[in-house]
Number of protein chains: 2
Amino acid sequence: MNERNEKPDSFKPSSYRTPDGVPTDIVVFTIASREKEGAKKALPIRELQVMLIQRKMWPFEGKWALPGGFTRDTETVHECARRELEEETGVSGVLLEYFNVYSAPGRDPRGWMISHAFFALVREGCLAGRSPSDEAAEVVLFPVEEALEMELAFDHAVILRDALERIRHQMLTTTIAKEFLPEQFTISELYQVIRTVAPAFEERNFLRKVTSTQSRKGILEEVLDSDGRPAVSNRYSQRPAQLYRFTDYAPELSIYG
Amino acid sequence: MNERNEKPDSFKPSSYRTPDGVPTDIVVFTIASREKEGAKKALPIRELQVMLIQRKMWPFEGKWALPGGFTRDTETVHECARRELEEETGVSGVLLEYFNVYSAPGRDPRGWMISHAFFALVREGCLAGRSPSDEAAEVVLFPVEEALEMELAFDHAVILRDALERIRHQMLTTTIAKEFLPEQFTISELYQVIRTVAPAFEERNFLRKVTSTQSRKGILEEVLDSDGRPAVSNRYSQRPAQLYRFTDYAPELSIYG
DNA sequence: TGAATAGTGTCTATGAGACATTATTAG
DNA sequence: CTAATAATGTCTCATAGACACTATTCA
């Protein structure tokens with residue numbers, strides 16, 4: 001590294017104050033399913049939930065907050081988020097994506113803290129064996145609608161709103177729906193997952209649109225059984241529904257054409 | 001603020017090392033126009049350029065780098081980027097958007113530095129009266145293609161590539177093209193700007209697609225002159241071309257419908 | 001049989017894509 | 001006239017959107 005000469009004697013790292021810490025905050029989303037009342041074979045009711053922990057230390061003792069922790073000098077903020085997610089929920093290998101930085105002076109009474117916010121999308125059930133860590137008194141999944149109304153610690157209410165806005169957008173413009181679905185799924189399941197995250201999305205002819213030979217722009221493919229016939233499932237319906245999976249293809253969107 | 005109790009005596013801000021600084025790096029893009037050779041009335045040749053400064057201090061003395069500076073404890077990283085942009089280029093009121101954090105340990109030989117990267121889109125000419133600051137020996141606009149081949153200081157080559165990828169995507173999915181255009185413009189101008197940033201974009205029937213009564217999904221509107229007739233310009237053509245402007249409308253994109 | 005979801009038929013209007021053609025002005 | 005760009009005509013086929021209709025299975 002020839003550009004990394006000796007550090008001159010005159011160099012001082014900074015004559016300004018430096019941050020007191022660089023935490024990450026992780027907005028862990030999951031979709032919970034409940035069987036419908038009338039116990040007949042029917043589509044489950046799905047609900048978007050977010051993981052919160054109850055703080056047991058100053059500041060905001062007793063308040064609900066997003067999970068997270070401080071970045072170390074041996075890791076990137078992304079590695080920190082991955083580590084904290086695993087420590088606090090035991091899950092790994094799930095989608096974890098950075099989405100914004102929160103740096104307003106005074107946002108953390110402990111000092112100058114610049115926080116990096118991530119969202120994680122976790123399949124229901126992966127969060128089964130979770131246990132409170134040192135930092136948290138309790139770890140609970142709340143319905144998003146409920147969490148949005150709560151008084152959260154720090155600026156976490158803002159972070160949660162931003163995360164929700166982000167995954168709503170991503171749900172429609174990328175294939176992150178797959179994070180909430182099994183590898184093979186029916187079109188109704190897919191539609192339900194999309195609508196659970198982004199209720200504003202409504203397509204009358206969703207099935208046809210996404211499967212018709214030309215119109216499925218390659219994002220989905222039929223699942224075939226060992227005989228080469230379309231595989232079906234009757235998990236959620238009387239009449240068996242055809243199974244699909246996502247391909248690796250991601251279409252390019254444009255407002256111009 | 002009842003949750004902000006007194007800080008307990010036992011509280012220590014952190015028992016871990018804290019960062020030595022939180023810089024911002026700003027990728028300033030502009031589009032330069034040159035008249036075509038044959039001096040006839042013709043569309044100009046446009047080129048995407050990026051602003052670099054030549055460092056005159058350790059580390060990476062003499063290397064080209066992105067402009068930027070250290071965040072203070074009285075401002076957000078966004079405010080820091082806005083301030084640095086103004087200090088180093090004199091421009092204000094332009095699009096400045098955060099896009100990623102760079103936190104790999106060892107990315108800065110001065111210490112543990114977590115950098116926040118922004119891109120700015122600046123109209124040609126706004127960068128006229130720029131002058132070198134304390135930090136930089138020289139401030140120069142490079143063609144992006146050229147800058148991509150250079151050995152930049154720190155991890156700025158990666159940041160530049162990421163920024164370019166980001167504005168290419170945004171050019172097609174948002175109306176940031178307006179940052180490079182006058183308030184009123186012809187369809188050819190718009191097409192040229194889009195293609196200058198995202199050369200892969202090609203639409204044969206661009207004019208028709210974006211203006212036909214139904215198909216312009218509301219992102220553009222005709223400019224009318226004082227008589228209520230469509231305004232035209234012959235800046236770039238023999239035959240006058242109709243002028244348009246962007247509306248405030250931003251369409252919602254979806255891969256599903 | 002009815003309940004519940006899956007999937008098709010059919011119609012119209014609009015859109016994309018391809019290419020040829022005409023229009024307008026400067027020089 | 002020619003050069004250069006602006007804009008329209010025309011054709012085919014795919015698609016969107018609406019809504020009625022049929023299909024399959026369970027209980």
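If you're wondering where the values come from, they're calculated on a predicted model, not measured in any experiment. Just so you know, these numbers use all the heavy atoms, side chains as well, and skip hydrogens, waters and symmetry mates.
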Inset, instruction - Compare the minimum distances between each of C/dA6, C/dT24, D/dT10 and the side chain of B/Arg208, then state the nucleotide with the smallest one. - result: D/dT10
Inset, instruction - State whether the distance check finds a donor on one side and an acceptor on the other, under 3.5 Å, for side chain A/Asn205 versus base D/dA16. - result: no
Inset, instruction - List the atom of A/Leu66, the atom of A/Val27, and the distance in Å for their closest heavy-atom pair. - result: CD1-CG2, 3.8 Å
Inset, instruction - Output yes when B/Glu47 and B/Arg34 qualify as a salt bridge under the 4.0 Å nitrogen-oxygen rule, no when they do not. - result: no
Inset, instruction - Among the candidates D/dA3, C/dG7, D/dT24, find the nucleotide nearest to the side-chain atoms of A/Pro240. - result: D/dT24
Inset, instruction - Whole angstrom is fine here: how far is it from OH in A/Tyr244 over to P in C/dA6? - result: 12 Å
Legend entry - OP1 or OP2 of C/dG15 under 4.0 Å from side-chain N/O of B/Lys209: no
Inset, instruction - Using whole Å, report how far CG of A/Leu190 lies from P of C/dG7. - result: 13 Å
Legend entry - Distance test, side-chain N/O of B/Ser188 to OP1/OP2 of D/dA6, below 4.0 Å: yes
Inset, instruction - Could you tell me whether B/Arg46 and B/Glu189 make a salt bridge, using a distance below 4.0 angstrom between a side-chain N and a carboxylate O? - result: yes
Legend entry - Nearest listed nucleotide, side chain of A/Ser237, among C/dA26, D/dT25, C/dT5: C/dT5
Inset, instruction - Report the distance from atom CD of B/Glu202 to atom C1' of C/dA18, rounded to the nearest whole Å. - result: 13 Å
Inset, instruction - Among B/Phe185, B/Tyr244, B/Phe206, find the one that has a ring pair (Phe, Tyr, Trp, His ring centres under 6.0 Å) with B/Tyr191. - result: B/Phe206
Inset, instruction - Please name the residue in the list A/Arg82, A/His78, A/Glu97 that meets the side chain to side chain contact (heavy atoms under 4.5 Å, CB included) test with A/Phe118. - result: A/His78
Legend entry - d(CZ, A/Phe185; P, C/dT5) in whole Å: 19 Å
Inset, instruction - Starting from P on D/dG9, measure out to CG on B/Leu207 and report it in whole angstrom. - result: 13 Å
Inset, instruction - Report yes if at least one side-chain N or O of B/Arg204 is closer than 4.0 Å to OP1 or OP2 of C/dA18; otherwise report no. - result: yes
Legend entry - Gap between atoms OH and P, on B/Tyr236 and D/dA4 respectively (whole Å): 17 Å
Legend entry - Rounded interatomic separation in angstrom, taking OH from A/Tyr191 and P from C/dA4: 19 Å
Legend entry - Heavy-atom donor-acceptor pair, A/Arg239 side-chain to D/dA23 base, under 3.5 Å: yes
Inset, instruction - Would you mind telling me which of C/dG17, D/dA7, D/dC19 lies closest to the side-chain atoms of B/Gln242? - result: D/dA7
Legend entry - Distance in angstrom units between A/Ile187 CD1 and C/dT8 C1', rounded: 15 Å
Legend entry - 5'-most by nearest nucleotide on DNA chain D - A/Glu203 or B/Leu243: B/Leu243
